[in-house]
There are 2 protein chains.
Amino acid sequence: MEDGTRMSASHIGETTACEVRDVLDRVGDKWSLLVIELLDHETWRFSALLREIEGISQRMLTRTLRQLERDGLLTRTVHPVVPPRVEYALTPLGHTLFDAIQPLVAWSRGNRDEIAGARDAYDARAEPAL
Amino acid sequence: MEDGTRMSASHIGETTACEVRDVLDRVGDKWSLLVIELLDHETWRFSALLREIEGISQRMLTRTLRQLERDGLLTRTVHPVVPPRVEYALTPLGHTLFDAIQPLVAWSRGNRDEIAGARDAYDARAEPAL
DNA sequence: CGGCATCCAGTTGGATACTG
DNA sequence: CAGTATCCAACTGGATGCCG
């Protein structure tokens, strides 16, 4: 996407949202932010993450970690011992991403009730017959 | 984060990420942020949005607008004229959401190259035979 | 003009079984 | 322990056609 020959439109839309697309595709998925949050405090082993993040499957934890590693957001360190020991830690880049998300987290927390209320009101209007 | 409920590693994960889940599910999809960005400046008609957002289908524009409306992020105003005229505008809540996303947008813009580099390096390591 | 209904392809993610 | 491989269900989103 760095060749960016898209540039068409005389207008906005391309400016902001397209640039966040990559980040949103990563952070917007089901587990990434959860992993990033845990790793922001300390390093974690695979099995510890698996136990801590309730509901995640081995497969999804692996995939999530791989993608975050690929984007340079965390490091994967394999200790050649028996049994194997693999530790995951956020990179500096990963930490700054976590910081950059905090406003959105705060917004979510602060407006959760208002959103829930809006949804209820909308649904009440939409399906009065049900 | 001024809330500061900094608990130890027992059951974090529920604290932060779960609260953003709703917002991420909305904003993290393919078109919502694009719509929010356009509406942040002015009101738009349906057909204008359809023309402006290149690649979006009628179906997805409708669905995106409906969900944002349901969450109280935008208003839908139908003008009873012929031909029909429907206008969409951000609510104050919608504007604050757009503001809350800006740090993430800035982060994306500022670190795009680093991420792209990390990906290239990772891929080069992973598939040297291809 | 501003939708909605239907159909369909691609992707996401869960369950399970197996491995170095 | 830390994965990989396979299969499969659910959801997302695009294309098309119809309608008030």
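Predicted model, so just to flag it, every value in this text is computed and none were measured. First the proteins, then the strands, lettered A, B, ... as listed; each starts at 1.
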Rounded to the Å, how far apart are [X] [atom1] and [N] [atom2]?
X     : N      : atom1 : atom2 : result
A:L49 : D:dG3  : CG    : C1'   : 13 Å
A:M60 : D:dA10 : CE    : P     : 17 Å
A:I53 : C:dG13 : CD1   : P     : 13 Å
A:W44 : D:dC1  : CH2   : C1'   : 16 Å
A:L61 : C:dA15 : CG    : C1'   : 16 Å
A:L24 : D:dG13 : CG    : P     : 12 Å
A:R59 : C:dT12 : CZ    : P     : 10 Å
A:D25 : D:dG13 : CG    : P     : 10 Å

* With respect to the side chain of B:R63, which nucleotide from D:dT12, C:dG13, D:dG14 is positioned closest? ->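 Within the option list, the nearest is D:dT12.
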
* Asked: Where the side chain of A:D29 is defined as all heavy atoms beyond and including C-beta, which of D:dG14, C:dG14, C:dG13 is the nearest nucleotide?
  ->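 Looking only at heavy atoms from C-beta outward on A:D29, the closest nucleotide is C:dG13.
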
* Asked: Thinking salt bridges, do B:R26 and B:D22 make one under a 4.0 Å N-O criterion?
  ->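 Salt bridge between B:R26 and B:D22, a charged N being under 4.0 Å from a carboxylate O: no.
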
* Asked: Shortest non-hydrogen contact from A:L90 to A:I36?
  ->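 A:L90 and A:I36 have their closest heavy atoms at CD1-O, 3.8 Å.
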
* **OG1 on B:T77 to CZ on B:R45, rounded to 0.5 Å** =>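 Between B:R45 CZ and B:T77 OG1, I get 12.5 Å after rounding to 0.5 Å.
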
Can you sort out the partners of [X] under side-chain hydrogen bond (donor to acceptor under 3.5 Å, both in side chains), two or more places apart, ordered by chain and number?
X      : value
B:E69  : none
A:T91  : none
A:D120 : none

* In degrees rounded to 10°, what angle is found between the helical axes fit to the five outermost pairs at each end of the helix from C:dC1-D:dG20 to C:dG20-D:dC1? ->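 End axes: 50° apart.
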
* Asked: Linking I/L/V/M/F/W/Y whenever their side-chain heavy atoms sit closer than 4.5 Å, directly or via other members, would A:W44 and A:V81 fall into one cluster?
  ->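 Looking at the clustering, A:V81 is in a separate group from A:W44.
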
* Quick one: does A:L97's side chain get under 4.5 Å of A:V23's, heavy atoms only? ->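 A side-chain contact under 4.5 Å exists here.
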
* To do: Sequence neighbours left out, what passes side chain to side chain contact (heavy atoms under 4.5 Å, CB included) with A:A118? Give chain and number order.
  =>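 Scan of A:A118 (side chain to side chain contact (heavy atoms under 4.5 Å, CB included), adjacent residues dropped) gives none.
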
Under 3.5 Å, which N/O atoms of the protein pair with N/O atoms of nucleotides 1-3 of chain C?
residue: C:dC1; atom: O3'; partner: B:R45; partner atom: NH2; Å: 3.1
residue: C:dC1; atom: O3'; partner: B:P84; partner atom: O; Å: 3.1
residue: C:dG2; atom: OP1; partner: B:R45; partner atom: NE; Å: 3.1
residue: C:dG2; atom: OP1; partner: B:R45; partner atom: NH2; Å: 3.2
residue: C:dG2; atom: OP1; partner: B:V86; partner atom: N; Å: 3.2
residue: C:dG2; atom: OP2; partner: B:S47; partner atom: N; Å: 2.8
residue: C:dG2; atom: OP2; partner: B:S47; partner atom: OG; Å: 2.6
residue: C:dG3; atom: OP1; partner: B:R66; partner atom: NH2; Å: 2.9
residue: C:dG3; atom: OP1; partner: B:R76; partner atom: NE; Å: 3.2
residue: C:dG3; atom: OP1; partner: B:R76; partner atom: NH2; Å: 2.4
residue: C:dG3; atom: OP2; partner: B:Y88; partner atom: OH; Å: 2.5
residue: C:dG3; atom: N7; partner: B:Q58; partner atom: OE1; Å: 3.0
residue: C:dG3; atom: O6; partner: B:Q58; partner atom: OE1; Å: 3.2

